[in-house]
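The sequence lines fix the lettering, A, B, ..., with proteins before strands; numbering per chain opens at 1.
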Amino acid sequence: MSDAKTTREDEGQPGNFVADRVRADLAADAKQGRLVTRFPPEPNGYLHIGHAKSICLNFGLAALAPQGQCNLRFDDTNPEVESPEYVEAIRRDIRWLGFDWGDNEFYASDYFQQLYDWAEQLVEKGLAYVDSRSLEEIRETRGDFHRPGVDSPHRDRSVAENLDLLRKMKAGELPEGSAVLRAKIDMQSKDLKLRDPLMYRIKKVHHHRTGDAWNIYPMYDWAHGQSDAIEGVTYSVCSLEFVNHRPLYNWFLKALEIPNPPEQIEFGRLNLSYTVLSKRKLLQLVEEKHVAGWDDPRMPTVAGMRRRGFTPESIRAFADRIGVSKNDGVVDVGHLEYALREHLNETSPRVMGVLRPLELVITNWPEGKVFEAELDNLPGNESAGTRKVPFGGRVFVEQDDFLEEAPKKWWRLAPGNEVRLRGAALVTVNEVVKDDAGQVVQLKCTWDPASEGGNAADGRKVRGTIHWVSAEHAVDAEVRLYDRLFADEDPSKDFLDALNPDSLEVLTGCKLEPSVGAMEPGTRVQLERIGYFVTDSEDHQPGGPAVLNRTITLKDSWAKLAKKMGVGGK
RNA sequence: UCCGGUGUCGUCCAAUGGCAGGACAGCGGACUUUGAAUCCGCGAAUCAUGGUUCGAAUCCAUGCGCCGGAGCCA
């Protein structure tokens with residue numbers, strides 16, 4: 001809530017080269033007052049953080065003017081790999097991210113007839129022809145980076161013959177693979193995309209929206225720009241790998257004499273360290289069960305991040321902050337984590353929970369006494385109020401918060417070390433109880449009866465403050481500790497080998513503050529001194545089993561210090 | 001090797017011929033009933049070479065690096 005942040009958000013207009021261009025066009029009224037963008041997913045996989053960047057960009061651009069509009073268009077031109085399940089998931093994820101496309105939901109398949117009519121037009125103009133050769137022959141005669149292509153023997157078929165053949169393709173009278181429709185451009189072009197690109201291929205495949213109406217389906221290049229044109233899109237924003245397609249994009253629009261054609265603008269798609277963002281790889285992780293599904297909390301999918309406990313705000317802030325450019329860089333995942341912690345810190349109520357319990361008994365605690373500690377729900381934000389947490393003479397503390405031999409600068413539990421149990425009492429360990437194996441199983445302490453609430457009556461300073469949960473009142477929980485899915489900063493090559501073997505640790509018998517047991521699924525909290533958690537959307541039930549997912553740890557400067565000093569402990 | 005894109009602190013993004021700036025990360029300190037947050041401070045970059053210019057990250061030339069392109073995928 002600092003002024004600095006407020007200022008940043010007020011300035012919040014996207015400052016990037018695409019927005020600059022849109023603003024310039026707006027100022028010059030270069031687009032007849034129109035401002036239309038679109039987000040065009042293919043429904044063949046779940047949306048991921050890279051898509052989120054694109055969504056933020058496209059909806060953000062549309063928000064640059066009151067008349068701005070961002071369409072959701074499903075690019076469903078390849079029915080073999082697409083399905084309604086993905087359509088649903090995509091809609092859900094965009095909505096969750098906080099964007100609204102209103103009535104502007106479209107499908108490339110809605111335009112199949114228009115596309116086909118246009119194709120016949122191009123044939124009639126002598127700008128397209130049916131090539132009746134095999135895939136192999138077409139590939140071989142396309143040439144390569146060094147050799148020009150060779151004209152197809154069918155390149156100069158008559159308009160009548162082409163039309164007849166195209167209609168036969170459409171009618172399903174020709175077998176798959178026997179013919180394609182090609183744009184007649186230039187087999188000698190240095191730009192391979194312009195060497196008579198394919199417009200239609202025969203696929204006798206059921207489409208999830210058009211059923212069996214079509215035996216031919218348009219290729220991306222033939223469908224995309226024309227779909228943009230039909231929708232009146234002004235800026236067709238796509239990622240860098242499509243730069244090579246722009247001449248073709250423009251060629252089709254020109255050949256069809258589309259007035260005020262859409263304009264393709266490319267930007268660098270997101271790459272994130274310790275993450276893979278390729279649909280193929282994500283699909284493989286799901287299908288081979290390296291993760292539990294598309295919404296596994298370790299996945300960089302929007303669904304996974306949601307289940308992990310991310311907030312839409314943090315994802316949007318991340319997208320704003322990394323900016324948009326034509327550089328093909330790799331954003332350190334630390335940027336994302338920072339945005340996450342930043343928002344969670346402002347919004348997640350604090351509760352206490354002990355992941356690996358160690359019993360602590362206060363030997364001089366009055367028999368039967370229960371003290372109600374009053375703690376801030378959101379320190380620094382009084383409007384969030386306080387809560388009462390019961391404290392008895394027997395509590396659980398974190399095993400990591402006790403060290404029998406305290407290193408330098410260790411302010412937590414150790415024999416003879418006075419420590420504050422947050423909001424409750426000052427205690428000192430007198431006796432360490434071990435089992436036969438030598439494991440510490442209990443700490444016997446005394447407390448300063450004048451320290452109720454956690455402050456010493458004489459004002460002496462106690463540096464260490466630790467969290468606790470009353471044994472008598474604790475709620476048992478399962479806690480899933482998620483970590484990065486990949487151990488390598490760049491997992492792109494052998495990504496399966498790069499999987500982090502410790503990306504999930506499931507803890508049972510964790511002890512939580514009683515209030516957590518009543519929480520609804522999908523509730524975010526901070527477990528003080530540990531990290532941010534969310535009650536699992538599938539497995540947590542209020543009053544039933546408590547299941548928490550760790551969203552992200554708190555920053556841990558002790559761990560850093562300890563590492564530097566070469567000592568153990570948390 | 002051909003075509004296209006792109007080179008600015010460790011990372012991401014600005015600077016649109018006029019003081020190279022911000023964020024993240026790092027480091028140091030203050031504060032702290034979360035070793036969190038917050039606050040203060042520090043270090044850190046124009047791919048190279050030549051040219052134009054009073055002045056170049058920016059314009060020109062040459063070279064180099066990285067990314068993409070030869071699917072009936074999107």
OP1 or OP2 of [N] under 4.0 Å from side-chain N/O of [X]:
{"X": "A/K560", "N": "B/G26", "value": "yes"}
{"X": "A/S325", "N": "B/C12", "value": "no"}
{"X": "A/Y338", "N": "B/C24", "value": "yes"}
{"X": "A/N327", "N": "B/C13", "value": "yes"}

* Asked: Tell me, do A/Y217 and A/L115 make a side-chain contact under 4.5 Å, heavy atoms counted?
  ->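 No, their side chains stay 4.5 Å or more apart.
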
Roughly how far apart, to the nearest Å, are [N] and [M] at atom [atom1]?
{"N": "B/C9", "M": "B/A14", "atom1": "C1'", "value": "13 Å"}
{"N": "B/C24", "M": "B/G18", "atom1": "P", "value": "28 Å"}
{"N": "B/G71", "M": "B/G22", "atom1": "P", "value": "48 Å"}
{"N": "B/G26", "M": "B/U11", "atom1": "P", "value": "15 Å"}

* When only distance counts, do a donor and an acceptor, one from the side chain of A/R412 and one from the base of B/G35, lie under 3.5 Å apart? -> yes

* N/O donor-acceptor pair, side chain A/H467 with base B/A36, under 3.5 angstrom ->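 For A/H467, whose side chain was compared with the base of B/A36, there is no donor-acceptor pair (under 3.5 Å).
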
* To do: Determine whether the aromatic ring centres of A/F242 and A/H245 lie less than 6.0 Å apart.
  => yes

* Decide if the gap between the ring center of A/H207 and the ring center of A/F112 is smaller than 6.0 angstrom. => yes

With the criterion being N/O to N/O and under 3.5 Å, what pairs connect the protein with nucleotides 2-4 of chain B, and how long is each?
{"residue": "B/C2", "atom": "O2", "partner": "A/F145", "partner atom": "O", "Å": "3.4"}

* Pick base, sugar-phosphate or nothing for A/K564, based on heavy-atom distances below 4.0 Å to the nucleic acid. => sugar-phosphate

One thing to verify: whether [Y] and [X] come together as a salt bridge, which I'm taking to mean a side-chain N less than 4.0 angstrom from a carboxylate O.
{"X": "A/R321", "Y": "A/E342", "answer": "yes"}
{"X": "A/K493", "Y": "A/D488", "answer": "no"}
{"X": "A/R484", "Y": "A/E337", "answer": "yes"}
{"X": "A/R387", "Y": "A/E513", "answer": "yes"}

* Structure fact -> Stem ranges of RNA chain B by first residue number, counting only runs of at least 3 Watson-Crick or G-U pairs under 3.5 Å, come to B:2-7 with B:64-69, B:10-13 with B:21-24, B:26-30 with B:38-42, B:47-51 with B:59-63

